Protein chains: 2
Amino acid sequence: MDRRLGPGRLGGLRQHDGARFARSAEATGSLISDEEVVAWLRRRKVVNQFAVDRIAFGELDKWSFAASTGDLAHDSGRFFAIQGLTVTSQFGPVHAWQQPIINQPENGLLGLLVREIDGVPHFLVQAKMEPGNPHTIELSPTVQATRSNFTRVHQGAKIRYFEHFAGPGRGRVITDVLQSEQGDSFYHKRNRNMVVEVTGDVEEHEDFRWLTLAQINRFLARDSTVNMDIRTVLSTLPMSTEDDDQSTLRTALSVNVPARYGFDELLSWLTGLKCHYEMTAERMPLREVADWKRTEYEISHVEGKFFSVVAVSVQAETREVVSWTQPMLTPARPGIAAFVMRHIDGVPHILVQGKPQPGLFDFFEVAPTVHCVNADYRNLPRSVWPPYLEYVLEAPARYSVLHSEEGGRFLNRENRYMIVEAGDDFPDDEGKNYRWVTPYQLRKLASLSNCVNVEARTLLTCLASLW
Amino acid sequence: MDRRLGPGRLGGLRQHDGARFARSAEATGSLISDEEVVAWLRRRKVVNQFAVDRIAFGELDKWSFAASTGDLAHDSGRFFAIQGLTVTSQFGPVHAWQQPIINQPENGLLGLLVREIDGVPHFLVQAKMEPGNPHTIELSPTVQATRSNFTRVHQGAKIRYFEHFAGPGRGRVITDVLQSEQGDSFYHKRNRNMVVEVTGDVEEHEDFRWLTLAQINRFLARDSTVNMDIRTVLSTLPMSTEDDDQSTLRTALSVNVPARYGFDELLSWLTGLKCHYEMTAERMPLREVADWKRTEYEISHVEGKFFSVVAVSVQAETREVVSWTQPMLTPARPGIAAFVMRHIDGVPHILVQGKPQPGLFDFFEVAPTVHCVNADYRNLPRSVWPPYLEYVLEAPARYSVLHSEEGGRFLNRENRYMIVEAGDDFPDDEGKNYRWVTPYQLRKLASLSNCVNVEARTLLTCLASLW
């Protein structure tokens with residue numbers, strides 16, 4: 001027996017946690033019904049009514065283009081800035097480009113509170129409005145705060161429930177890991193993803209509700225209802241099952257089932273990609289970014305590709321301030337992110353890609369089988385489609401839901417998240433940049449920092465929602 | 001039983017590897033005796049004679065200070081450059097400073113070849129001269145190459161044994177991980193650390209010898225004999241033992257023995273430090289760095305602290321070119337790096353520090369209990385000594401050896417590496433920035449990228465040398 005890998009003290013505890021969260025995923029009862037959740041969301045939306053309007057850059061309040069660089073920044077130097085990025089890459093067909101990028105070099109907190117109610121873990125979700133979410137209010141983690149938010153706690157409004165995640169009174173930490181966000185749009189942005197359990201009473205503010213994991217999973221089957229932040233936080237929640245059947249998704253998600261590759265081999269594969277493909281990304285003055293043009297209303301690519309930088313005014317009541325203006329990024333088109341899944345030797349495996357993005361800390365992270373930022377390939381010849389896109393679009397999907405991305409920075413950025421099961425016609429041999437991994441291995445990778453990108457983590461949560 | 005953590009396919013293989021490497025660490029025989037190794041090193045030193053001389057910056061060939069920035073760079077733009085870095089930090093007493101830094105943003109390879117000879121794994125070490133090593137020739141990994149070296153393989157001299165680490169003919173990968181180097185002097189420098197096993201015959205070039213791990217371990221007990229690159233490569237070599245006694249170092253190094261903290265708790269602790277202490281580091285023109293002055297011969301701190309940038313000429317025969325000039329960093333004084341070890345509930349634990357350095361990829365990595373870059377504290381009042389330094393200097397040391405650092409960039413940079421066992425008088429409660437970890441946990445952390453710094457990895461290898 002391999003004692004090196006035997007359960008440590010925490011191993012047993014996590015196993016126990018996993019069984020409890022599985023109970024929550026299998027719960028048939030709940031404090032409030034799904035219909036009541038929908039009604040509550042609708043009520044919060046009415047109470048917290050707000051309007052988001054596109055404005056000219058010149059109408060931005062306290063945001064301006066710096067004279068020397070053309071960077072778009074807040075007069076206080078806080079929040080974030082839109083700067084330029086110049087990239088060289090040996091990966092893919094384009095070897096050099098420049099682009100605008102959001103620079104927000106601070107670690108925020110995405111915290112989800114859990115508490116056992118009648119023996120079943122419940123999660124305290126928030127009905128949170130973000131200006132960029134197409135449906136305005138979505139289910140969010142308990143706390144979603146930038147560092148600027150929580151470090152000025154004593155000057156401004158208190159962040160509700162923040163005390164459970166930091167300081168002497170915090171609860172028991174279940175998961176706690178720094179995770180990247182969209183590496184095509186953010187420069188080195190990361191958030192601390194935490195699940196924390198409390199045992200005492202916690203007041204349920206009207207913007208918050210205790211839901212079971214089963215409920216959250218059902219809402220994950222609805223378009224644009226569960227926001228990106230709760231999706232990423234849930235991606236590494238420990239799960240376990242007594243089921244011994246290695247062919248089931250439950251077992252593959254929670255047990256170290258026999259895999260095509262060992263975990264060390266996967267880390268070595270990622271290391272190899274990082275060393276094989278050189279990439280550089282340096283910030284540069286936004287004004288000098290080639291192939292992007294600035295008008296009174298937007299900064300956009302000369303061919304209308306990728307995304308545009310725009311300005312919005314927001315009038316709302318639930319945020320720290322009641323109304324404000326800010327820049328946002330809005331995509332040219334919705335994207336697609338998909339996992340291809342198949343059984344290998346009777347065990348479910350997912351095909352993942354090792355893919356660099358210029359704003360990621362270490363460029364390469366594990367990405368979905370297919371991720372098209374702008375899924376407009378239907379009008380292009382199939383010869384230029386990314387690998388496996390055709391397969392994904394034509395195979396029957398086991399999961400296919402539209403989710404929005406980070407509504408505080410992106411205006412109407414949505415991806416269709418898909419999980420398709422491959423038939424026998426699907427190529428078994430992956431290329432150099434792809435690997436078949438088990439869901440358990442992918443969750444283990446995600447529990448390390450900077451290993452699994454935000455779209456793949458969303459898909460991991462969607463996959464686990466099929467529990 | 002926690003099946004989640006059960007041995008996977010590779011788990012069993014690694015266990016088998018671990019037993020084999022333990023056999024090598026316990027080997028009494030060897031192909032050549034230690035005395036023959038010493039004689040061979042002496043011969044190589046004579047054959048590969050070279051001279052290193054300090055020169056004026058003006059005498060550097062193809063290196064010059066850029067007119068606009070004052071950065072010191074090679075005319076080709078390759079190799080590395082000395083630039084400026086401006087740092088802000090919430091950690092420690094100094095909250096802002098500027099300094100010179102080596103920018104070498106490419107991933108090199110440190111590769112150690114292993115082969116079973118008469119049933120015992122042997123490692124192919126090199127007698128390698130580096131201009132900065134105080135004793136000129138040291139034991140090195142099989143391959144020690146910058147990316148510039150191996151990507152121009154077809155234009156210049158072939159790198160011996162490189163084919164075993166890359167390409168279709170490479171051997172079986174035992175370990176493969178990107179590791180940081182000195183974060184006080186390098187900006188984002190990392191090297192790929194690999195141990196690769198071959199089964200076929202491998203020619204033993206006169207600069208190379210096959211040694212057992214037992215031999216390497218004995219040389220690790222000698223001052224300035226085993227170079228930094230082999231020390232870091234060996235730090236994650238799998239080891240295992242049949243010994244059941246949890247109080248032994250062997251067991252604590254190779255088995256997941258009961259630990260004060262779970263592994264996830266340690267990751268969470270590191271995450272917490274990264275989020276708690278904000279740090280920024282931006283490159284800046286070298287000419288504008290405050291508190292450093294440039295003369296004809298050196299760039300040094302106005303108070304003579306830290307290190308100096310100097311220029312050297314090297315005349316040698318073993319490098320890719322026969323003679324050259326280059327800038328180097330030379331420290332003000334030798335340093336000290338130490339682990340404090342103690343038994344907790346009968347199991348050996350090491351006290352490690354979470355410590356930021358401005359050139360590290362993610363600032364915070366796990367560092368030794370004590371690391372003084374310039375160990376000149378003896379002349380200062382004890383009230384300003386770093387935590388635990390006094391204890392380390394006064395306790396009887398189980399290990400105390402002087403080792404040199406990266407001799408290709410540092411001129412005469414040495415640290416005294418110490419492992420001391422704490423008595424009952426040692427405080428059991430660690431502060432917020434410190435944690436007691438088992439040697440096994442520390443090796444597991446080191447097997448992830450960017451988690452354990454280079455001095456702590458050296459100490460880990462020194463610790464394992466006591467096997």
Side-chain angles (χ1 to χ4, degrees), chain A residues 1-15 18 105-109 147 151 166 173-178 190 192-194 238 240 244 254-265 267-272 274-276 278 280 361-362 440-441 444 447-451, chain B residues 1-15 18 105-109 147 151 166 173-178 190 192-194 238 240 244 251 254-265 267-272 274-276 278 280 361-362 440-441 447-451:
Chain A
M1 141 134 206
D2 184 349
R3 283 177 306 159
R4 288 189 312 123
L5 299 171
R9 191 168 63 80
L10 198 72
L13 194 57
R14 289 186 71 78
Q15 174 73 358
E106 54 163 36
N107 298 325
L109 172 68
R147 192 176 166 88
T151 51
V173 175
I174 306 282
T175 65
D176 182 9
V177 58
L178 277 173
R190 294 190 298 178
R192 184 176 190 175
N193 285 226
M194 291 181 91
S240 63
D244 262 337
S254 49
V255 176
N256 193 12
V257 286
R260 171 167 285 198
Y261 298 100
F263 193 72
D264 287 342
E265 286 176 293
L267 289 178
S268 169
W269 164 69
L270 259 185
T271 301
K274 289 176 187 180
C275 292
H276 183 78
E278 245 179 324
T280 66
F361 217 64
D362 205 6
Y440 174 80
Q441 289 180 318
K444 193 170 161 190
S447 73
L448 309 174
S449 278
N450 304 318
C451 269
Chain B
M1 142 141 201
D2 185 350
R3 283 176 307 158
R4 288 188 312 122
L5 299 171
R9 190 167 64 79
L10 199 71
L13 194 55
R14 289 185 71 78
Q15 175 74 357
E106 52 165 37
N107 298 326
L109 171 68
R147 193 177 167 88
T151 52
V173 175
I174 306 283
T175 65
D176 182 9
V177 58
L178 277 173
R190 293 190 298 178
R192 185 176 188 177
N193 286 225
M194 292 181 91
S240 64
D244 262 338
T251 309
S254 49
V255 176
N256 193 11
V257 286
R260 172 168 285 198
Y261 298 101
F263 193 72
D264 287 342
E265 285 175 291
L267 290 177
S268 169
W269 164 69
L270 259 184
T271 301
K274 289 177 187 180
C275 293
H276 182 79
E278 244 179 327
T280 66
F361 217 64
D362 204 4
Y440 175 82
Q441 290 180 317
S447 73
L448 309 173
S449 279
N450 304 320
C451 270

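Computed over heavy atoms, backbone and side chain alike; hydrogens, waters and symmetry mates excluded. Here is how names work: the chains are called A, B, and so on, in the same order as the sequence lines, proteins then strands, and each is numbered from 1. On a predicted model such as this, the values are computed, not experimentally measured, just so you know.
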Leading residue by heavy atom contact count with chain B [cutoff under 4.5 Å; candidates A:Leu270, A:Leu109, A:Asn107]: A:Asn107
Only residue of B:Thr175, B:Asp176, B:Leu448 satisfying side-chain contact (heavy atoms from CB on, under 4.5 Å) with A:Leu267 is B:Leu448
Applying a strict 4.5 Å limit to non-hydrogen atoms, the region of A:Lys274 in contact with chain B is both
Shortest non-hydrogen pair, B:Gly272 vs A:Arg192, comes out as CA-NH2, 3.3 Å
Of the listed residues (B:Ser268, B:Ala166, B:Ser449), which shares the most heavy-atom pairs with chain A below a 4.5 Å separation? B:Ser268
Can you tell me which portion of B:Leu178 sits under 4.5 Å from chain A's heavy atoms? Options are side chain, backbone, both or neither. both
